Amino acid sequence: MSEAVALDHHEPVTSTGIPNKKVLMWAFLGSDCMFFGTLISTHLIYRKISATVGSNYLDIRDIFDIELTSFSTFILLASSLFMALAVSAIHKGNLNSTRWMLFGTIIFGLIFLACQVYEFTHFVHGKLDESGNLVHQLTLSSYQGEPHVFGSTFYVLTGTHGTHVAIGVFWLLGWLVYSFTGKMSTAHAIDIECCGLYWHFVDIVWIIIFPVIYLMEYAL
Amino acid sequence: MAIESIKYAAPETETAVKTKAFPRPGQHTSGIIDWLTTIDHKKIGFLYGLTALFFLLLGGLEALLIRSQLWDHNMSVLTNRQYNQMFTMHGTTMVFLVIMPLSAAFFNFIMPLQIGARDVAFPRMNTLSLWCFIAGGITLNLSWFFTGGSPAIGWFGYAPLTDTRFAEVIGDMGPDFWVFSLQILGIASLLASFNFITTIINMRAPGMTMMRLPVFTWMTLIVSFLIILAFPAITIALAELMFDRTYGTNFFDFLEGGKPHLWQHLFWIFGHPEVYILILPAMGIVSEIIPVFSRKPLFGYGLIIFSGAIIGFMGFAVWSHHMFTTGMGIVATSAFSILTMLIAIPTGVKIFNWIGTMWGGRIRFDTPMLFSLGFITMFMIGGFTGIMHSSVPVDAQHQDSYFVVAHFHYVLIGGALFGLFAGFYFWLPKMSGRMMNEKLGKLVFTLMFIGFNLTFFPMHYLGMIGQPRRTHTYNEGHGFETWNQVATIGAMILGIGIAIGVYQFVNSFFNKKLKPAGKNPWDARTLEWTLSSPVKEYNFARNPIIKSRDQAWENKYGSRDNHSEKEPLDDHGVHMPDRSWCPLITGIGLFVLVLGMLFHQGIDASGELVRDYTFALIGGVVFVLGIIMWAIEGPGGYHLFPKESEE
Ligand code: HEM
Ligand SMILES: [Cu+2]
């Protein structure tokens with residue numbers, strides 16, 4: 001069952017034919033590339049020059065839980081599919097499907113965030129080894145109690161990405177709520193499209209973060 | 001005024017929920033409410049300009065204190081810490097609260113008129129940029145009143161000066177204020193730039209192709225791109241610094257594995273594009289003025305734009321010339337040295353273009369032209385010293401000496417500020433509708449030109465004989481005294497010149513005795529001069545259809561084919577967006593959030609650190625509510641029906 005919505009085109013004429021909101025979004029994403037670029041470079045630079053902690057080699061694999069992160073990566077990728085379907089649905093004027101797809105994106109976004117919260121809490125609290133000692137504890141300022149930068153660059157980078165996801169979830173939630181006011185029309189396709197651009201971008205950033213920050217530790 | 005109007009609801013307003021607490025001010029709002037809720041790019045530009053001129057006087061006062069301290073050896077006008085605070089505040093103020101917002105004032109006021117638009121693409125976002133800028137200015141200057149006073153870390157905030165453990169005063173909050181104010185100012189610049197980019201790309205009048213855009217508009221576009229690509233580096237660096245200072249991370253903390261060197265890289269990756277962000281608007285202004293006062297079209301329009309773009313592009317690849325003496329290794333150092341030398345080429349191209357424009361022209365020496373000529377000559381001297389320290393061994397001598405201070409003041413005052421003053425003398429008649437007194441204008445120019453050179457030319461010599469910068473005094477016997485005294489006297493003269501100039505600008509809005517400007521007092525060339533002065537709120541009664549590059553000039557002197565046309569008036573009228581409270585509410589939310597973050601730490605009775613986020617949270621909630629209301633109210637709008645003659 002699909003609930004049709006009234007066709008409603010109120011886009012102002014622009015010089016390029018591209019809606020203003022879309023140009024704005026692209027400009028913002030260009031800028032956002034540089035935000036993440038700076039964070040990722042900071043992380044990589046320190047990863048290379050601070051490879052030890054105290055006098056021992058720092059093996060990040062002891063900290064990471066790669067199965068969990070692979071799972072959450074998969075979830076985030078899948079959410080992009082929902083997002084794309086939501087954009088396509090609103091263009092077709094299919095409100096019902098738009099709602100479900102937005103809902104799916106939000107839920108998958110939330111699962112990703114939940115994984116990250118879980119990951120962060122476990123890293124901060126560390127693990128217990130066989131003899132019951134606390135090991136592999138990574139905080140903002142230290143690893144196993146020794147001052148180190150890995151925690152700083154790791155948490156701030158992935159935290160910034162998580163914040164982006166959270167903002168995206170709120171934004172989509174706003175549109176989901178709006179879709180129940182009965183005022184949503186194809187005129188809002190551009191707004192959903194902008195959400196989509198943002199969401200896909202945040203996803204792509206993760207596709208860079210995951211291999212560069214996580215997988216690379218296993219390849220070398 | 002024979003303007004009829006009817007109530008009009010834009011598609012979005014039909015759905016708008018009218019919030020009772022903040023009803024939208026209507027079309028006939030005036031007075032303070034109008035200024036607080038305006039979304040008119042002309043009023044926003046005016047407020048940017050006024051606030052920045054205030055900060056110009058404040059930053060100037062700080063500079064005069066610095067100069068008084070250096071009048072003679074071992075003076076004690078300022079303590080060493082106060083001296084450090086003074087040059088930190090002076091530099092930060094002049095870069096972020098004066099030159100950038102003055103440029104933004106012109107972007108706002110002039111650019112939409114030049115492309116034939118009725119406003120920018122996102123008028124309410126434009127207002128939010130303004131409030132963020134003002135909030136940032138207030139935050140920075142609030143630092144004077146709290147623990148440790150203002151930051152004493154330089155405008156570059158080098159680590160480890162910002163490390164809490166090395167603070168001269170326990171619990172020093174200066175650097176925190178610096179970090180947070182730069183963050184809000186960054187938001188202001190980013191939002192404004194997104195807006196200008198969208199406007200220039202998308203809101204041009206029919207026929208206004210990219211290669212017909214006035215050079216000033218082109219420079220606005222290039223600078224906006226520089227801002228959105230360069231500011232993220234400093235935003236992240238500042239965020240990392242905030243984490244270091246507040247939550248104990250180790251990004252720049254060398255005792256715990258961090259590298260202060262990284263701060264320098266991140267700062268200058270932003271910092272060098274930033275100097276082009278400061279100079280390109282002034283170059284755009286001068287490129288508009290010189291053709292007008294030479295009565296010739298700009299020589300090499302395409303080349304000027306292309307070299308502007310090249311400068312912008314290469315500006316991202318030379319940052320490490322600020323770090324030649326940090327030991328980056330031979331390869332990196334040589335590469336950055338060569339690139340720095342290369343960037344002088346497009347810069348030189350522009351200078352030849354301006355000279356070519358004047359060549360054979362009938363030059364009039366009105367105040368805007370005098371400032372433009374001052375710009376070219378002074379900027380050239382600054383450029384030459386720049387090329388000098390692009391050579392690594394030479395720079396090893398210049399680094400951290402007064403020679404560098406001379407270099408960047410020649411490009412920043414002789415360049416950027418002179419260009420902006422030229423812009424004021426040129427365009428204020430369009431804003432205020434009144435001509436300014438030419439005699440007084442020439443006096444301002446003379447005072448500024450003489451004062452400026454007296455202040456900064458001797459610094460070349462002082463630097464060469466070894467006076468270090470960022471040092472609060474010097475000993476007897478180095479032979480520094482005489483030229484420092486000349487510089488201090490020059491600074492006073494420069495200060496007087498600037499003060500009279502600011503008075504003249506502000507006065508031109510209030511003094512009814514001044515001569516009315518009329519549409520085109522300078523016989524100028526670009527589209528804004530086809531409009532009445534001051535410009536009507538709707539800018540263009542009818543959309544212009546552009547036929548050539550210098551449209552105002554062609555309409556007057558060109559062949560019939562090149563005259564612009566106008567789209568017919570339709571019964572739809574001119575759509576004006578509604579005023580809104582939301583930008584102000586959102587801005588206040590952000591301001592409270594920042595203050596909440598600044599003051600969230602405390603020490604309880606047992607000496608433990610306690611964190612209290614109540615205020616930050618309140619600010620955050622107001623901020624989010626502001627955005628939600630913003631989204632719900634929509635752009636709104638009403639219609640105006642100007643008569644044909646009313647432009
Ligand atoms: C011909 C083009 C230019 C070249 C080759 C050039 C080169 C340089 C170099 C090598 C330095 C580092 C000096 C040192 O610290 O030892 C420097 C410093 C500086 N330049 Fe330029 N420059 C040029 C144009 C400009 C322009 C147009 C501006 C601003 C509008 C500017 C603003 C500055 C500032 C503010 C500093 C000092 C920053 C600080 O240390 O606090 N320069 N320049
Ligand atoms: Cu530079």
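Keep in mind that this is a model prediction, so the values were computed, not measured. Proteins come first, then strands; the chains are lettered A, B, ... in the order of their sequence lines, and each starts at number 1.
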Taking side chain as everything from C-beta outward and backbone as N, CA, C, O, which of these in B/L262 sits under 4.5 Å from a heavy atom of chain A? Side chain, backbone, both or neither. side chain

Interface residues of residues 136-145 of chain A facing chain B - non-hydrogen atoms under 4.5 Å apart: A/L140, A/S141

Listed partners of A/E193 passing salt bridge (Lys or Arg N to Asp or Glu O under 4.0 Å), at least two apart: A/K22

Is there a side-chain contact between B/R118 and B/H575, using heavy atoms and a 4.5 Å cut-off? no

Using the side chain to side chain donor-acceptor pair (under 3.5 Å) rule, take B/N202 and A/T16 through it: C-alpha gap first, then chi angles, then the decisive distance, then the call. CA-CA 6 Å; B/N202 252 358; A/T16 52; 2.4 Å; yes

For B/I201, is it the side chain, the backbone, both, or neither that has a heavy atom closer than 4.5 Å to a heavy atom of chain A? both

Chain B: which of A/I49, A/V156, A/D32 shares the most heavy-atom pairs with it under 4.5 Å? A/V156

Within residues 119-129 of chain B, contacts to chain A at heavy-atom distances under 4.5 Å involve B/A121, B/F122, B/M125

Ignoring hydrogens and angles, state whether a donor on the side chain of B/T586 or B/W630 is under 3.5 Å from an acceptor on the partner side chain. no

Could you give me the CA-CA distance, side-chain angles and deciding distance for A/R99 and A/S179, then say whether side chain to side chain donor-acceptor pair (under 3.5 Å) is met? CA-CA 7 Å; A/R99 266 181 209 148; A/S179 77; 3.1 Å; yes

Proximal component of B/F251, with respect to chain A [non-hydrogen, under 4.5 Å]: both

Under 4.5 Å, counting heavy-atom pairs only, tell me which of A/G17, A/P147, A/S152, A/G37 racks up the most with chain B. A/S152

Evaluate the side chain to side chain contact (heavy atoms under 4.5 Å, CB included) criterion for residues B/L221 and B/M210: first the C-alpha distance (whole Å), next the side-chain angles of each, then the deciding distance (0.1 Å), finally the verdict. CA-CA 11 Å; B/L221 185 63; B/M210 290 309 272; 3.8 Å; yes

Rounded distance [0.5 Å steps], OG1 in A/T98 versus CG in A/L102: 6.5 Å

Measuring heavy-atom distances to chain B, does A/T153 have an atom under 4.5 Å in its side chain, in its backbone, in both, or in neither? both

Is B/Y247 atom OH crowded by more than 12 heavy atoms from other residues, nucleotides or ligands, each under 6.0 Å away? yes

Quick one, A/Y198 and A/F28 - any side-chain contact, counting heavy atoms below 4.5 Å? yes

Answer with yes or no after comparing the ring centroid distance for A/F154 and A/F123 against a 6.0 Å cut-off, counting only values under it. yes

Is the A/Y155-A/F120 ring centre distance short of 6.0 angstrom? yes

Chain A contact via B/L190 - which portion, at a heavy-atom distance below 4.5 Å: side chain

Less than 4.5 Å apart, side chain to side chain, heavy atoms only: is that true for A/H148 and A/S50? yes

B/H41 side chain reached by B/L113 side chain, heavy atoms, under 4.5 Å: yes

Could you list which of residues 162-175 of chain A have a heavy atom closer than 4.5 Å to any heavy atom of chain B, in residue-number order? none

Looking at side-chain heavy atoms only, is the closest gap between B/F252 and B/D163 below 4.5 Å? no

Are A/F112 and A/H161 an aromatic pair by the rule of ring centers under 6.0 Å? yes

Given B/H272, B/E274, B/H265, B/Q264, the one that forms side-chain hydrogen bond (donor to acceptor under 3.5 Å, both in side chains) with B/W319: B/H265

A/I40 side chain near A/I209 side chain, heavy-atom distance below 4.5 Å: yes

For A/F35, is it the side chain, the backbone, both, or neither that has a heavy atom closer than 4.5 Å to a heavy atom of chain B? both

